[in-house]
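Okay, so here's the structure we're looking at.
Just so we're clear, the structure is a prediction, and the values are computed from it rather than from any experiment. Convention: sequence-line order gives letters A, B, ...; per-chain numbering from 1.
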Protein chains: 2
Amino acid sequence: MQATATVRAIETGLRATIAIRDIGSNVSRLPNLCSSCGLREVCLPCGMRSEEAGKLDELIYTRVRVKRGQVLYRAGDAFASLYAIRSGFFKSVSSVEDGREQVTGFHMPGELLGIDALGTDIHTRDTIALEDSEVCVIPYARLVELSASVEGLQRQFHRILSREIAGEHGIMMLLGTMRAEERLAMFLLNLSQRFLARGYSATEFVLRMTRDEIGSYLGLKLETVSRMFSRFQAEGLVEVSNRHIRILDATGLKGCLGRATH
Amino acid sequence: MQATATVRAIETGLRATIAIRDIGSNVSRLPNLCSSCGLREVCLPCGMRSEEAGKLDELIYTRVRVKRGQVLYRAGDAFASLYAIRSGFFKSVSSVEDGREQVTGFHMPGELLGIDALGTDIHTRDTIALEDSEVCVIPYARLVELSASVEGLQRQFHRILSREIAGEHGIMMLLGTMRAEERLAMFLLNLSQRFLARGYSATEFVLRMTRDEIGSYLGLKLETVSRMFSRFQAEGLVEVSNRHIRILDATGLKGCLGRATH
DNA sequence: CGGGGATTTGACACATATCAAGAGCGGTGG
DNA sequence: CCACCGCTCTTGATATGTGTCAAATCCCCG
């Protein structure tokens with residue numbers, strides 16, 4: 001099982017980390033410090049000078065492993081910390097009283113989880129690991145404290161909140177005005193771009209979620225998602241093999257956007 | 001013209017304000033100070049002790065009048081300030097490259113405009129007055145400064161950002177999973193509740209936007225919006241007379257939500 | 001009083017949902 | 001290693017909600 005192997009690797013990494021700390025090696029090379037984290041450029045320290053980023057190291061006390069299918073937090077849980085995704089993949093699920101639910105986000109390394117709770121002190125959605133994952137726990141109170149002294153932190157935090165708003169915005173646009181074909185094209189292009197920003201391939205990746213989850217996110221039924229994948233494949237835009245996606249013609253995909261009825 | 005009359009009243013009020021300041025009267029009674037603003041409870045000072053709220057008075061230098069149809073800021077404009085709505089009504093419009101646009105928000109007094117730009121320094125949507133309005137200009141740099149010293153301000157600001165996120169969330173839910181009837185019911189109930197929070201009637205109000213704008217916001221065509229209004233009226237849930245809305249049966253409206261196919 | 005945009009309503013088209021059946025794949029246990 | 005089981009995915013046939021097109025009416029505003 002591939003996922004298990006991943007966890008083992010992380011566990012090994014962690015043990016190594018602890019060992020290094022114990023023997024007093026150069027702290028700046030520890031992988032669980034913000035200042036040396038590979039995700040620096042997409043996560044909280046982004047845009048900060050390295051001395052400032054170093055101060056963030058005080059922020060992260062704990063890392064938590066979350067196995068596939070496990071809930072990181074649930075709607076209604078008390079809010080105390082934000083979580084920065086260190087590795088893995090998550091989905092957020094909102095629901096309304098009548099029981100209907102919708103996937104409202106997919107989250108990848110470097111992204112911040114828990115932002116929805118800032119206002120209310122109560123989480124508003126369930127957030128669940130789609131594969132074995134690891135998150136850095138960021139105590140919110142501490143983040144607020146540090147914001148006062150670390151130049152650029154508050155700014156970057158606002159940037160992240162705003163990015164969140166902008167992102168949801170794009171989805172509103174998508175849900176409000178786009179046809180099924182366009183929605184799926186946007187979805188793929190968005191994933192592609194986010195993978196690219198994290199140093200992964202932009203043209204070839206594995207979807208961590210089911211067709212049903214994609215459909216829920218895009219406001220479509222899973223059958224429609226499946227049909228659209230088939231159509232894209234028939235048109236030579238992508239190669240789909242189960243959850244393995246290869247983008248063959250990104251330009252063509254972009255061309256789907258804003259195209260009148262097929 | 002009613003709108004013009006409103007502006008006149010505001011102009012008069014402003015002149016009065018300036019006069020009072022000039023003669024050194026009790027500053028705390030000036031209507032353009034946060035500490036004495038009638039919207040205190042829904043705007044930035046919400047939840048702050050009055051001494052703290054008083055410090056916000058340093059924040060607002062300027063108020064700007066925006067006439068109906070005028071643009072407060074445009075997508076692409078440089079970002080420098082947030083705007084707190086003092087009176088009036090606004091819509092935000094996002095657009096994608098191909099020219100399609102969607103109304104992504106309606107905004108009423110006490111709400112903050114410009115949040116979308118925090119991350120990028122560039123506004124991402126057009127924000128336009130739906131009636132003659134007035135906004136308090138909040139220089140962002142100053143807000144950041146003050147956040148460091150005024151206890152509770154940063155927290156409240158996060159609360160507002162989060163509320164924004166939560167709101168967009170609800171709309172995603174709406175766009176992603178609801179039928180036309182439910183969308184319009186939610187829309188009306190949401191407006192109703194926001195009016196209530198501001199001291200207006202929850203059951204009787206005037207829509208500031210066209211059917212087309214409502215449709216754009218809800219991901220529906222204007223004809224569909226119109227039909228749903230007619231249906232609600234036929235069912236005795238609301239009384240619709242042009243843009244004048246009277247909610248006759250709020251419980252019935254709520255009952256629309258989560259109801260299976262009509 | 002006239003004109004133009006907003007709204008309503010009807011007839012029809014179409015995209016997507018729904019229902020249903022079968023195939024593919026991954027994991028499990030013999 | 002193979003057979004089986006369950007879940008995910010694909011594909012087809014049909015139903016339906018909403019969009020599209022069109023025309024008439026209404027209302028505000030000049």
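In this entry the distance linking CD of B/Glu213 with C1' of C/dA6 reads 11 Å, nearest Å. When rounded to the nearest whole Å, the span between CZ of A/Arg179 and C1' of D/dT20 equals 14 Å. The distance from atom CE of B/Met209 to atom C1' of C/dT7 is 16 Å, rounded to the nearest whole Å. Counting to the nearest Å, the P atom of C/dG4 and the CG atom of B/Asp212 are 20 Å from each other. As rounded to whole Å, 18 Å separates atom P of C/dA15 from atom CG of A/Leu218. In this structure, B/Lys221 atom NZ and C/dG10 atom C1' are separated by 19 Å, rounded to whole Å. For B/Met178 and D/dT18, the CE to P distance is 13 Å, given to the nearest whole Å. Taking atom CZ of B/Arg68 as the reference point, atom C1' of C/dA6 lies 12 Å away to the nearest angstrom.
At a non-hydrogen distance threshold of 4.0 Å, A/Asn242 from residues 241-250 of chain A come into contact with DNA chain C.
Donor-acceptor pairing under 3.5 Å is recorded for the side chains of A/His169 and B/Ser94. A donor-acceptor pair shorter than 3.5 Å can be found between the side chains of B/His244 and B/Glu204.
Salt bridge annotation for B/Glu181-B/Arg179: present, with a cationic side-chain nitrogen under 4.0 angstrom from a carboxylate oxygen. Salt-bridge check for A/Arg63 with A/Glu134: passed, with a basic side-chain N closer than 4.0 Å to an acidic carboxylate O. Ion pairing between B/Glu111 and B/Arg198 holds under the 4.0 Å rule for side-chain N and carboxylate O.
Nucleic acid contact for B/Gly215: none, since no nucleic acid atom lies under 4.0 Å from a heavy atom of the residue. Using a 4.0 Å heavy-atom cutoff across all strands shown, A/Leu222 reaches at least one base atom of the nucleic acid.
A donor-acceptor contact under 3.5 Å is formed by the side chain of A/Arg227 with the base of C/dT18. Checked by distance alone, A/Glu223 brings no side-chain donor or acceptor within 3.5 Å of a matching partner on the base of D/dC9.
For C/dT9, neither phosphate oxygen OP1 nor OP2 lies less than 4.0 angstrom from any side-chain nitrogen or oxygen of B/Ser226. Here B/Thr224 reaches the OP1 or OP2 of D/dG19: one of its side-chain N or O atoms lies under 4.0 Å away.
Put simply, the side chain of A/Met209 reaches to within 4.5 Å of the side chain of A/Phe106, judged on heavy atoms.
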Show me the donor-acceptor pairs within less than 3.5 Å that the side chains of residues 184-192 of chain A make with the rest of the protein, sequence neighbours left out.
unit_1	atom_1	unit_2	atom_2	d
A/Asn190	OD1	A/Arg194	NH1	2.9
A/Ser192	OG	A/Ala202	O	2.7

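Taking every side-chain heavy atom of B/Ser230 into account, C/dT9 is the closest of C/dT9, C/dA6, C/dT8.
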